[in-house]
Amino acid sequence: MELTLGFSPCPNDTFIFDALIHNKIDCEGLQFHVEYHDVETLNAKAFRGELDITKLSYHAFAYALEDYELLDAGSALGFGVGPLLICRDKALAEELAGYVGKEMPDKFKDLRIGIPGKYTTANFLLSLAFPSLQNKEILVFSEIEQSLLDGDIDVGLIIHENRFTYMEKGLHKVVDLGDFWERTTGSAIPLGGIVIKRSLPQEVKQKVNRLIAESVRFGFSHPKSGIEYIRSHAQEMEESVMYKHIELYVNKYSEDLGEEGKKAVLEMFEKAKELNLVPSTNKNIFLEK
């Protein structure tokens, strides 16, 4: 049986899926046709129900619940892993940092904000921390730093490996939105998850969940096994940056959400519903056992 599978070219995703798609583990008769896309493209494909299995933002998942359910394996959750709000002007960064979670003066409301996608978890967190910042421009995540340097935007919301490179380019942090979430809720921040079509047979869904968890375990046991594959898709080619990225986003929650991870996901969904940031639904979020 062949299934379509979508994930990003970022090191954490290629690390997670390396063993699965390169037959380093027994895939029990399943084959995978892989598509690589940035997270907002994956979100859009999920809204259209195009892929059997896909990575997507947890924020976007709220809009795709009719067609998909969340696997226990493959997620990116954790502490200290949140998106960063940055800007070129150090004084502006310091001033904005004083208004996290607070009412902002009108002078800030026209700031041009570059975001990596409307339905990204990063944008959800930005809406929580700075609800007044609404002048947003959607950019590919890898273009945000350069847009700041070129003066095309005033503030940028960065994700993935850019959190390791922005300082080298003379840019300044306003706030780590993951840290804001952690201080507000005490929970890990759910960034992205792996979802699977509800319409697939239950045994197939369970098998895919089991195989992704096994692929993660293989990566943990053989961390250098997929280095050439990971490098071939990485935006930042330095091996040290790639492995910092992997260490940050691939952890115990990637192998199995567990009760703690599921609690964090539910907390995020409830917070989003309270603020009318996502639609209400009666669909079950998690893969049925």
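Everything numeric here is computed off the predicted structure, so don't read it as measured data.
- Nearest heavy-atom pair across Ala93 and His172 is CB-CB, 4.0 Å.
- Salt-bridge check for Arg198 with Glu66: failed, with every basic side-chain N at 4.0 Å or more from each acidic carboxylate O.
- A salt bridge is absent between Glu69 and Lys283; no separation between the charged side-chain nitrogens and carboxylate oxygens falls under 4.0 Å.
- Under the 4.0 Å criterion applied to side-chain N and carboxylate O atoms, Glu137 and Arg112 are not assigned as salt-bridge partners.
- Look at Glu95 and Lys107 and you find a salt bridge, because one of the NZ, NE, NH1 or NH2 atoms lies within 4.0 Å of a carboxylate O, short of that distance.
- Ring pair Tyr119/Phe47 is perpendicular by interplanar angle, where above 60° counts as perpendicular and below 30° as parallel.
- Judged by the 6.0 Å and 45° rule, Lys262 forms a cation-pi pair with Phe286.
- Ion pairing between a basic and an acidic side chain is recognised when a charged N comes within 4.0 Å of a carboxylate O; Lys197 and Asp67 show no such pairing.
- Here the rule is side chain to side chain contact (heavy atoms under 4.5 Å, CB included) with Ser57, and of Asn43, Leu42, Asn123 only Asn43 fits it.
- Ion pairing between a basic and an acidic side chain is recognised when a charged N comes within 4.0 Å of a carboxylate O; Lys224 and Glu239 show such pairing.
- The cationic group of Lys109 does not satisfy the cation-pi geometry with Phe130, failing either the under 6.0 Å distance to the six-membered ring centre or the 45° limit from the ring axis.
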Q: Quick one: do Leu20 and Cys27 satisfy side chain to side chain contact (heavy atoms under 4.5 Å, CB included)? Show the steps, please.
A: CA-CA 7 Å; Leu20 181 79; Cys27 289; 4.0 Å; yes
